[in-house]
2 protein chains.
Amino acid sequence: MPRARTFSEPRLRGRIWIEGPEGTFLGYGRVVLLERIREHHSISAAARSMSMSYRHAWDLVASMNRQSAAPVVEMSAGGRGGGGARLTAGGERAITMFWSAYKDFQRFLETRGKKLAPRRPSRGKS
Amino acid sequence: MPRARTFSEPRLRGRIWIEGPEGTFLGYGRVVLLERIREHHSISAAARSMSMSYRHAWDLVASMNRQSAAPVVEMSAGGRGGGGARLTAGGERAITMFWSAYKDFQRFLETRGKKLAPRRPSRGKS
DNA sequence: TACCGTTATATACAACAAAACATAACGAAA
DNA sequence: TTTCGTTATGTTTTGTTGTATATAACGGTA
């Protein structure tokens, strides 16, 4: 007898982001990047640490800085060690703001996801 | 005096979707497509009505059908009018399920978005 | 049988995002 | 002045997603 296909329970998933004047201001990837910059004091090291191209990382940082009243990352080129980057207080607040909303969102997905599929209770052996 | 840049209030936005065995099962676009199919009794007419290529629409329908225990759309080729497509009861349930979650999500974004930016109350003329 | 508009399917093309690559600018220290 | 690793920026390549185009299959009906 051919076994009927089974289907994994449908799962609710999603993304959130914070929009600014030119589109995305903060999202999951951007916030992780900010945290890596805080850790490495360098955009290039941060990018490397998450297998992201430096170019892309730089673009993201530039985009965030443009869209924020106060810069989230301050950079300096040249000098000892070649220069570097550091997270500002505003950057710190941005991280906190996003993770807080993100956490609430994950909770929403979890609880709302349970109400998704009105499944007939299986009568069989239980 | 150079005017300081102003920044629109950061806005919380997002997407949700329902995942199945092969990735997305239901999302905003897919559900709209299902509704158009219900309306037009035709995949091609539905696709046209939302400026979507027939190929893409067909792929989406096939993906949904593959990932659902019971098909969400039934198609027939040939015959009077060339054939057509109709939404099944399962498809109807899928639409309801998604919009219900979507509505709750919009509510979440709205209420949670208000708590985003802890703004200093402006002291000036008010 | 011929016709018709749809489903079904393959292949080529376009648009966009991200990666990859290349190079210049920077500035403190040796 | 040279060195060094970073920031800064331009150009090319790749990968993915959807569109465009073309063709066959389908099956009622005239």
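A note on names: the letters A, B, ... follow the listed sequences, proteins ahead of strands, and every chain is numbered from 1.
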Crowding at CZ, B:Arg66 (>12 non-hydrogen neighbours, <6.0 Å): yes
Most 5' of A:Leu60 and A:Gly82 on DNA chain C, judged by nearest nucleotide: A:Leu60
Integer-rounded Å distance: D:dT19 C1' and B:Arg48 CZ: 16 Å
Atom-to-atom span, CE of A:Met50 to C1' of C:dA19 - whole angstrom: 14 Å
Residue pair A:Ser100, B:Arg112: steps toward the side chain to side chain donor-acceptor pair (under 3.5 Å) verdict: CA-CA 10 Å; A:Ser100 169; B:Arg112 188 57 184 76; 2.7 Å; yes
First encountered from the 5' end of DNA chain C, between A:Met52 and A:Gly78: A:Met52
Given DNA chain D, 5'-ward residue of the pair A:Gly83 and B:Ser51, judged by closest heavy atom: A:Gly83
Side chain of B:Ile43 (C-beta onward), nearest among C:dT7, D:dT7, C:dT9: C:dT7
Steps toward side chain to side chain donor-acceptor pair (under 3.5 Å) verdict (A:Thr96, A:Glu92): CA-CA 6 Å; A:Thr96 303; A:Glu92 207 70 65; 5.6 Å; no
Distance in angstrom units between B:His56 NE2 and D:dA20 C1', rounded: 14 Å
Closest nucleotide among D:dT19, D:dT6, D:dT11 to the A:Ser44 side chain: D:dT6
Atom pair distance, as rounded to whole Å: OH in B:Tyr54 and P in C:dG5: 15 Å
Shortest non-hydrogen separation from A:Ala57 to A:Leu33 and the atoms involved: O-CD2, 3.8 Å
Candidate nucleotides D:dG28, C:dC26, C:dA29, ranked by approach to the side chain of A:Ala77 - the nearest: C:dC26
Sugar-phosphate, base or nothing in reach of A:Ala85, heavy atoms under 4.0 Å: sugar-phosphate
Atom pair distance, as rounded to whole Å: NE2 in A:His41 and P in D:dT7: 12 Å
Any B:Trp58 side-chain nitrogen or oxygen under 4.0 Å from OP1 or OP2 of C:dT7: no
Derivation of the ring pair (Phe, Tyr, Trp, His ring centres under 6.0 Å) call for B:Phe105 and B:Trp99: CA-CA 9 Å; B:Phe105 177 53; B:Trp99 284 137; over 10 Å; no
Under-3.5 Å donor-acceptor pair between B:Arg55 side chain and C:dA10 base: yes
Nearest-neighbour nucleotide for the B:Arg80 side chain, D:dT6, D:dT19, D:dG28 considered: D:dG28
A:Ser76 vs D:dT7: side-chain N/O to OP1/OP2 distance below 4.0 Å: no
Atom-pair distance (CD on A:Glu74; C1' on D:dA8), nearest Å: 17 Å
Distance, rounded to the nearest Å, where B:Arg30 contributes CZ and D:dT17 contributes C1': 12 Å
Distance, rounded to the nearest Å, where B:Leu33 contributes CG and C:dT7 contributes C1': 14 Å
